[in-house]
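Each chain gets a letter, A, B and so on, in the order the sequences are listed, and its residues count up from 1.
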Protein chains: 2
Amino acid sequence: MSMSTIMKIMIVDDHDMVRLGLSTYLSLESGIEVIAEATNGREALEVLEGLKVNNLPFPDLILMDLMMPEMDGIATTQEAIIRYPDMKIIILTSFLEDDKVMEGIQAGAVSYVLKSVSSEELVYAINGAFRGMPVMNTEVSQALSRGIRQMSASKDDNGLTVREREVLMLIAEGKANKEIAEELFISIKTVKTHVSNLLMKLDVEDRTQLAIYVHRKGWAG
Amino acid sequence: MSMSTIMKIMIVDDHDMVRLGLSTYLSLESGIEVIAEATNGREALEVLEGLKVNNLPFPDLILMDLMMPEMDGIATTQEAIIRYPDMKIIILTSFLEDDKVMEGIQAGAVSYVLKSVSSEELVYAINGAFRGMPVMNTEVSQALSRGIRQMSASKDDNGLTVREREVLMLIAEGKANKEIAEELFISIKTVKTHVSNLLMKLDVEDRTQLAIYVHRKGWAG
DNA sequence: AACTTCCTCCGCCTTGAGACTGAGCATGTT
DNA sequence: AACATGCTCAGTCTCAAGGCGGAGGAAGTT
């Protein structure tokens with residue numbers, strides 16, 4: 001793989017050992033040079049700004065972790081793409097969550113790669129991203145298509161109204177109808193109406209299953 | 001740090017890049033040699049057995065990830081410690097969960113280290129473990145003491161019996177009492193008794209909160 | 001003006017959930 | 001033998017949950 005230019009890469013990950021391992025390994029690859037690192041999103045933006053104003057070598061591509069303290073990968077990607085539009089970003093994460101894949105791509109990442117890929121695949125993805133040819137695992141692309149299908153199939157979410165979503169969240173916190181009524185300043189009757197609508201719309205049988213639904217979706221802490 | 005002997009290490013992690021990064025980095029450390037790798041627990045045990053029967057160099061210490069396909073770090077640690085009692089195991093994980101720390105230590109791991117530690121700290125932990133001096137992050141030791149406090153406060157876990165835990169899990173799947181009764185071949189009355197006991201023991205008000213409890217604990221998929 | 005959607009609320013009714021009390025049986029412990 | 005624990009089941013009772021049908025007002029759409 002003879003590329004005339006050297007790819008300058010930045011690694012953003014809160015795990016010291018992932019960062020160190022990646023940079024150690026990637027530095028051995030010909031054509032790749034790790035020129036910057038950061039442990040979270042905020043730091044990454046600061047580092048980038050520092051490189052910019054001091055006219056130092058600027059990364060062509062960022063390997064960005066999703067879950068980080070201070071500022072996560074999605075938000076950082078969004079911000080970074082706005083500030084430096086010609087910089088590529090590959091989101092690198094441990095988990096496959098359909099929603100996150102969508103968000104990541106929407107935020108402007110060219111690629112979304114699971115940490116479980118082999119190191120060869122990662123290098124391949126980096127090379128691809130550098131040339132504007134996004135590469136992603138088959139699992140990721142499947143997740144993406146699932147996400148798109150869900151999106152087009154069910155409008156924006158599930159067709160839940162604002163009020164219904166509020167009630168749903170309170171149910172997911174274990175609140176009883178009476179408590180929900182007091183919290184939302186409405187009558188128990190109204191709460192029951194919303195609950196019935198939720199049961200119908202989400203196609204489940206009782207409030208316990210509603211709570212489980214929310215937690216499975218990862219909407220709750 | 002001049003040690004006469006070289007520490008032979010095995011790395012067990014399903015993430016190619018963690019494994020590769022770690023081994024690349026640790027190999028640069030004097031006194032540490034990475035002699036084996038595996039991508040999950042089952043594979044790790046197979047590799048160890050292979051080394052044993054062929055009289056090949058055997059690891060003094062394993063860096064073991066917690067969350068892995070096939071067989072997780074806890075189960076693998078338990079099994080490995082039984083088969084090779086003089087081998088040390090350091091559990092290496094992304095997450096801090098009080099329960100898991102307890103389980104890990106109980107399983108026989110000498111140390112429990114977060115992946116967020118710096119690489120120097122990791123080397124320090126490895127050296128410590130090698131000499132029988134367990135090292136762990138302050139966060140981890142805090143989690144451990146929390147776990148112990150809970151333990152002494154509330155018997156062993158929550159004091160749940162086998163049957164109660166079965167009922168709890170079915171509730172967390174959204175099953176009604178009747179369904180649970182049929183699934184466990186007991187009467188609804190008995191299910192109700194178990195549910196009442198669960199509500200009392202876990203100090204919550206209804207089955208929905210039981211389901212939420214389980215999901216928050218991460219006991220459900 | 002007609003229509004739809006959302007939020008609100010009512011009464012009536014059935015059923016499931018859960019509390020309380022009490023009890024039989026098997027196991028293992030002291 | 002006495003005791004504790006876990007699993008089982010029963011009856012009774014209260015109340016929250018949820019279905020069903022109806023309805024009014026606010027807001028935006030066609």
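With B:Asn54 contributing its side chain and B:Leu56 its backbone, the two residues share no donor-acceptor pair below 3.5 Å. A donor-acceptor contact shorter than 3.5 Å links the side chain of B:Gln209 to the backbone of B:Glu205. Between the side chain of B:Arg216 and the backbone N or O of A:His215 there is no donor-acceptor pair closer than 3.5 Å.
Seen from the ring of B:Phe58, B:Lys8 does not count as a face-on cation partner, given the 6.0 Å and 45° thresholds.
The terminal axes of the helix from C:dA1-D:dT30 to C:dT30-D:dA1, fitted over 5 pairs per end, subtend an angle of 40° to the nearest 10°.
Between B:Thr161 and A:Arg207, the residue anchored nearer the 5' end of DNA chain D, judged by the nucleotide with its closest heavy atom, is B:Thr161. Along DNA chain D, the nucleotide closest to B:Asp206 and the one closest to B:Glu164 are compared, and the more 5′ of them pairs with B:Glu164.
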Take B:Glu182 and B:Lys178 through the side chain to side chain contact (heavy atoms under 4.5 Å, CB included) test and state the conclusion after the steps.
-> CA-CA 6 Å; B:Glu182 284 166 0; B:Lys178 189 186 169 194; 3.6 Å; yes
Go through the steps to decide whether B:Glu49 and B:Lys52 satisfy the test salt bridge (charged side-chain N to carboxylate O under 4.0 Å, His left out), and finish with yes or no.
-> CA-CA 5 Å; B:Glu49 198 55 32; B:Lys52 192 81 173 182; over 6 Å; no
Under the side chain to side chain donor-acceptor pair (under 3.5 Å) criterion, do A:Thr190 and A:Ser187 qualify, and how do the steps go?
-> CA-CA 5 Å; A:Thr190 306; A:Ser187 79; 3.1 Å; yes
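For A:Ser196 and D:dG19, the shortest distance from a side-chain N or O to OP1 or OP2 is below 4.0 Å. The phosphate of D:dG6 (OP1 or OP2) has no side-chain N or O of B:His194 nearer than 4.0 angstrom.
Annotation for B:Asp203: atom CG does not count as buried by contact number, only 12 or fewer foreign heavy atoms lying within 6.0 Å.
As a whole-Å value, the separation of B:Glu205 CD from D:dC15 C1' is 14 Å. Rounded to an integer number of Å, the gap from CG of A:Leu198 to P of C:dC6 is 12 Å. For the pair B:Asn197 CG and D:dT5 P, the computed distance is 13 Å after rounding to whole Å.
Taking each heavy atom of A:Arg207 and A:Leu199 in turn, the nearest pair found is N-CD2, 4.2 Å.
Listed candidates were C:dT8, D:dG19, C:dA17. Nearest to the side chain of A:Leu199 is D:dG19.
Across residues 168-192 of chain A, A:Ala176, A:Asn177, A:Lys192 each have a non-hydrogen atom less than 4.0 Å from an atom of DNA chain D (numbered order).
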